[in-house]
Amino acid sequence: MPKLLPRSFYLDPPDIVARRLLGKLIARRLNGQSLTGRIVEIEAYLGLDDPAAHAYAGKTARNAVLFGPPGFAYVYFIYGMYYCLNISCQPEGHAGCVLIRALEPVKGLATMARLRKLPANAAPRLLTSGPGRLCQALDITRAAHNGLDVTRRPSPLQVLDDDYEPGLVRETARIGISKAVEQPLRFVIEGNPFVSR
DNA sequence: GGAGCGATGTCCT
DNA sequence: GGACATCGCTCCG
């Protein structure tokens, strides 16, 4: 039986937490069904000293969750179309987070395909490989999930540990940003086909 | 299989 | 007004 990750799991700096979250499960409870995916790609965003982070400019209404306690979902709307899922890290007052960039779909693939508006037999790679895609596949929105505690039971959004051991972890530069591009704060499971692009 | 680009809402300057 | 932690579509080879 997978274990719910406790709040203490998220107390450390984002790069530590990001690496440690690889291989863990995101479980989305939707209409009595469980949509589950394994984290295979993730990025760390630091606080006030990371120009690429949303928290860089200081606390605003949008990013307030980042400055709160660890273990809470930070969901934001991007490019007028997509949502991205983050989890806050570090003690209250420290604005670190991790961005979930890709999942390996585990359970509920047919529902994920429907939510992505793809045919039921669509390639699994198209379901959750990318931060915008995985939010669509799991029906994660800012209105419903921003500020949600992911360490609580029950919850529509949880992070679980099923003792899966990821193989080799590769560390790379982050994707899609224009500032602090050189920092190696992206972590992927080496060779996993569900890593984005 | 890769480069180029348009779609489209929200927030900050 | 511009930037934006994206995606899917074209067009080209």
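Reminder, nothing fancy here: chain letters follow the sequence lines and each chain counts from 1.
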Asks: Would you kindly give the CZ-to-P distance between A/Arg125 and C/dG8, to the nearest whole Å?
Replies: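 Whole-Å distance recorded here is 11 Å.
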
Asks: Ring of A/Tyr83, cation from A/Arg142 - is the NZ or CZ under 6.0 Å from the centre and inside 45° of the axis?
Replies: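 Pair A/Arg142/A/Tyr83 does not count as cation-pi.
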
Asks: C/dG8, B/dC11, C/dT6: which one has an atom nearest the side-chain heavy atoms of A/Cys84?
Replies: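 Of the options given, the side chain of A/Cys84 lies nearest C/dT6.
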
Asks: For a quick test of reading the model: is some side-chain N or O of A/Thr60 closer than 4.0 Å to OP1 or OP2 of B/dC12?
Replies: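 Looking at the OP1 and OP2 atoms of B/dC12, one of them is under 4.0 Å from a side-chain N or O of A/Thr60.
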
Asks: Counting just side-chain N and O atoms, does A/Arg186 come under 4.0 Å of either OP1 or OP2 of C/dA5?
Replies: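 False: A/Arg186 side-chain N/O out of range (4.0 Å or more) of C/dA5 OP1/OP2.
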
Asks: Does the side-chain ring of A/Tyr45 lie flat on the base of C/dA5, meaning centres under 5.5 Å and planes less than 30 degrees apart?
Replies: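 A/Tyr45 vs C/dA5: stacking yes.
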
Asks: If you find the nucleotide of DNA chain C closest to A/Val98 and the one closest to A/Arg116, which residue's nucleotide is nearer the 5' end?
Replies: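 Comparing both residues, the 5'-ward one is A/Val98.
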
Asks: Picking from C/dG8, C/dA5, C/dC4, which would you name as closest to the side chain of A/Arg133?
Replies: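 Looking only at heavy atoms from C-beta outward on A/Arg133, the closest nucleotide is C/dG8.
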
Asks: Which distance, rounded to the nearest 0.5 Å, do you find between the CG of A/Leu118 and the CZ of A/Arg133?
Replies: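 It comes to 8.5 Å.
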
Asks: Looking across every strand, which nucleic acid part, if any, lies under 4.0 Å from A/Gly80 by heavy atom: base, sugar-phosphate, or nothing?
Replies: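 It contacts base atoms.
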
Asks: Of the candidate nucleotides C/dT6, B/dC11, C/dG8, which contains the atom at the shortest distance from the side chain of A/Arg62?
Replies: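 Side chain of A/Arg62 sits closest to B/dC11.
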
Asks: For A/Leu66 and A/Leu126, find the nucleotide of DNA chain C closest to each by heavy atoms; which residue's nucleotide sits nearer the 5' end?
Replies: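 Residue closer to the 5' terminus by nearest nucleotide: A/Leu66.
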
Asks: What I want to check is whether an N or O donor and acceptor connect the side chain of A/Tyr79 with the base of B/dA7 at under 3.5 Å.
Replies: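 No, no donor-acceptor pair under 3.5 Å.
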
Asks: Select base, sugar-phosphate, or nothing to describe what A/Arg197 touches, counting heavy atoms under 4.0 Å on all strands.
Replies: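 Nothing, no nucleic acid heavy atom in range.
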
Asks: Provide, to the nearest angstrom, the distance between the CD atom belonging to A/Gln183 and the C1' atom belonging to C/dA5.
Replies: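 A/Gln183 atom CD is separated from C/dA5 atom C1' by 14 Å.
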
Asks: Donor-acceptor check, side chain of A/Arg29 to backbone of A/Ser155, threshold 3.5 angstrom: yes or no?
Replies: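 Not at all, since once roles are kept as given, no pair shorter than 3.5 Å links the two residues.
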
Asks: By nearest atom, which of the nucleotides C/dG8, C/dC4, B/dG9 is closest to the A/Ser178 side chain?
Replies: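 It is C/dC4.
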
Asks: What's the CD1-P distance between A/Ile78 and B/dC12, to the nearest Å?
Replies: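 Result: 12 Å.
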
Asks: Looking only at side-chain atoms of A/Lys179, point me to the closest of C/dC4, C/dG8, C/dA5.
Replies: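 Selected nucleotide (nearest to the side chain): C/dC4.
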
Asks: Tell which nucleotide pairs with B/dA7, taking only Watson-Crick or G-U wobble pairs whose two distances are both under 3.5 angstrom.
Replies: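 Base-paired to C/dT6.
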
Asks: How many Å lie between CZ on A/Phe77 and C1' on C/dA5, as a whole number?
Replies: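 Going from CZ in A/Phe77 over to C1' in C/dA5 covers 14 Å.
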
Asks: Looking at CG of A/Leu4 and CZ of A/Phe9, how far apart are the two atoms once the value is rounded to the nearest 0.5 Å?
Replies: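 If I round to the nearest 0.5 Å, the distance is 11.0 Å.
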
Asks: Within this structure, what is the OH-to-P distance between A/Tyr56 and C/dC4, rounded to whole angstrom?
Replies: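 Rounded to whole Å, this separation is 13 Å.
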
Asks: Any stacking of A/Tyr82 on C/dT6, going by centres under 5.5 angstrom and planes within less than 30 degrees?
Replies: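 The ring of A/Tyr82 is not stacked on C/dT6.
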
Asks: Is there a side-chain contact between A/Leu115 and A/Leu35, using heavy atoms and a 4.5 Å cut-off?
Replies: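 A/Leu115 reaches A/Leu35 side chain to side chain.
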
Asks: Find the distance A/Lys117:NZ to C/dC9:P and express it as a whole number of Å.
Replies: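 Computing the A/Lys117:NZ to C/dC9:P distance gives 14 Å.
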
Asks: Does the salt bridge (charged side-chain N to carboxylate O under 4.0 Å, His left out) test come out yes or no for A/Asp162 and A/Lys3, once each step is laid out?
Replies: CA-CA 6 Å; A/Asp162 66 347; A/Lys3 301 184 301 279; over 6 Å; no

Asks: Taking CG from A/Leu118 and P from C/dC7, how many angstroms apart are they, rounded to a whole number?
Replies: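 For the pair A/Leu118 CG and C/dC7 P, the rounded distance is 13 Å.
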
Asks: Tell me the interatomic distance from A/Gln136, atom CD, to C/dT6, atom C1', rounded to whole angstroms.
Replies: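 Atom-to-atom, A/Gln136 to C/dT6, this comes out as 11 Å.
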
Asks: Closest nucleotide of DNA chain B for A/Arg142 versus for A/Met81: which of these residues is on the 5' side?
Replies: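 The residue closer to the strand's 5' end, by nearest nucleotide, is A/Met81.
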
